[in-house]
Amino acid sequence: MAEAKWYVVHTYSGYENKVKANIEKTIENNKGLAEQILEVRVPMEDVVEIKNGAKKTVSRKLFPGYVLLNMEMNDDTWYVVRNTRGVTGFVGPGSKPVPLTEAEMKPLGIKTDNVSIDFVEGDSIAVVAGVWKDTVGVVQKLDYGKQTATINVELFGRETPVEISFAEVRKL
């Protein structure tokens, strides 16, 4: 299998979140794509606006009209993304998509370095930081692209899946 890289897709202005949702829905409906299209992202930044003398923090799209995809480039993934409603094409010369370089990804806050962890699916882990600190759970799923582990925690008497960063957990 090819290595997953980050690609940029051009969309109609204002359709970024719809494109993201449509691609994620396609991945959900076609399980084979989940292994090839790892992450869909609309980069956002927090900006302080002053309106009527009041400060307000709002999220704004970093690149209006563009969506980032972490995926393996092959005919199937190219076809699925290219034929998603709202997508006008990949960024690159002609019809050939060009992946982002390390230098281009750094300011976006996208980590490409692989983190080694000492736990696997089914292991019990303890959360050592963040909102879920001092919670214990069993690893249900690992996402190396996002560098997160999904664990089940008890919330209001029910098992609820929670996504936790690798940096916030340790093996029991």
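Only this structure's heavy atoms are used, side chains among them; waters, hydrogens and symmetry mates stay out. Heads up: numbering here begins at 1 and tracks the sequence.
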Anything under 3.5 Å between a donor and an acceptor, one on a side chain of residues 156-172, the other on a protein residue two or more places apart or in another chain? List them.
{"from": "Ser165", "atom 1": "OG", "to": "Ala167", "atom 2": "N", "distance (Å)": "3.3"}

>> Test your reading of the model: is there a side-chain donor-acceptor pair from Thr150 to the backbone of Gln140, 3.5 Å cut-off?
In response: no
> Is the backbone N or O of Val80 less than 3.5 Å from a side-chain atom of Asn83, with the two atoms forming a donor-acceptor pair by type?
Replying inline: no
List the atom of [X], the atom of [Y], and the distance in Å for their closest heavy-atom pair.
{"X": "Tyr15", "Y": "Gly86", "answer": "CD2-CA, 4.4 Å"}
{"X": "Ala149", "Y": "Leu142", "answer": "CB-CD2, 3.8 Å"}
{"X": "Val98", "Y": "Gly92", "answer": "CG2-CA, 4.0 Å"}
{"X": "Asp76", "Y": "Asn74", "answer": "N-OD1, 3.0 Å"}

Check whether [X] and [Y] end up in the same hydrophobic cluster, where Ile, Leu, Val, Met, Phe, Trp and Tyr are linked by side-chain heavy atoms less than 4.5 Å apart.
{"X": "Trp132", "Y": "Val128", "value": "no"}
{"X": "Ile125", "Y": "Val120", "value": "no"}
{"X": "Val138", "Y": "Val153", "value": "no"}
{"X": "Val58", "Y": "Val48", "value": "no"}

Validation: residues 20-27 side-chain donor-acceptor distances under 3.5 Å, sequence neighbours left out:
{"from": "Asn22", "atom 1": "ND2", "to": "Lys18", "atom 2": "O", "distance (Å)": "3.3"}
{"from": "Thr26", "atom 1": "OG1", "to": "Asn22", "atom 2": "O", "distance (Å)": "2.9"}

> Would one find more than 12 heavy atoms of other residues, nucleotides or ligands at under 6.0 Å from atom CZ of Phe119?
Replying inline: yes
>> According to side chain to side chain donor-acceptor pair (under 3.5 Å), does anything in residues 53-67 pair up with another residue at least two apart or in another chain? List the pairs.
In response: Asp46-Ser59, Glu49-Arg60
Measure the spacing between [atom1] of [X] and [atom2] of [Y] and express it to the nearest 0.5 Å.
{"X": "Leu68", "Y": "Leu100", "atom1": "CG", "atom2": "CG", "value": "6.5 Å"}
{"X": "Tyr12", "Y": "Arg85", "atom1": "OH", "atom2": "CZ", "value": "10.0 Å"}
{"X": "Met44", "Y": "Phe63", "atom1": "CE", "atom2": "CZ", "value": "12.5 Å"}

Are any non-hydrogen side-chain atoms of [X] and [Y] less than 4.5 angstrom apart?
{"X": "His10", "Y": "Val87", "result": "no"}
{"X": "Glu72", "Y": "Gln36", "result": "yes"}
{"X": "Trp6", "Y": "Glu39", "result": "yes"}
{"X": "Asn70", "Y": "Ile37", "result": "no"}

>> As a test of understanding, state which of Val81, Leu69, Thr88, Val67 forms a side chain to side chain contact (heavy atoms under 4.5 Å, CB included) with Val19.
In response: Val67
> Angle class for the Phe90/Tyr7 ring planes (parallel below 30°, perpendicular above 60°, tilted otherwise)?
Replying inline: perpendicular
> Would Val91 and Val9 count as a side chain to side chain contact (heavy atoms under 4.5 Å, CB included) if you check the C-alpha gap in whole Å, the side-chain angles of each, and the deciding distance to 0.1 Å?
Replying inline: CA-CA 6 Å; Val91 173; Val9 175; over 6 Å; no
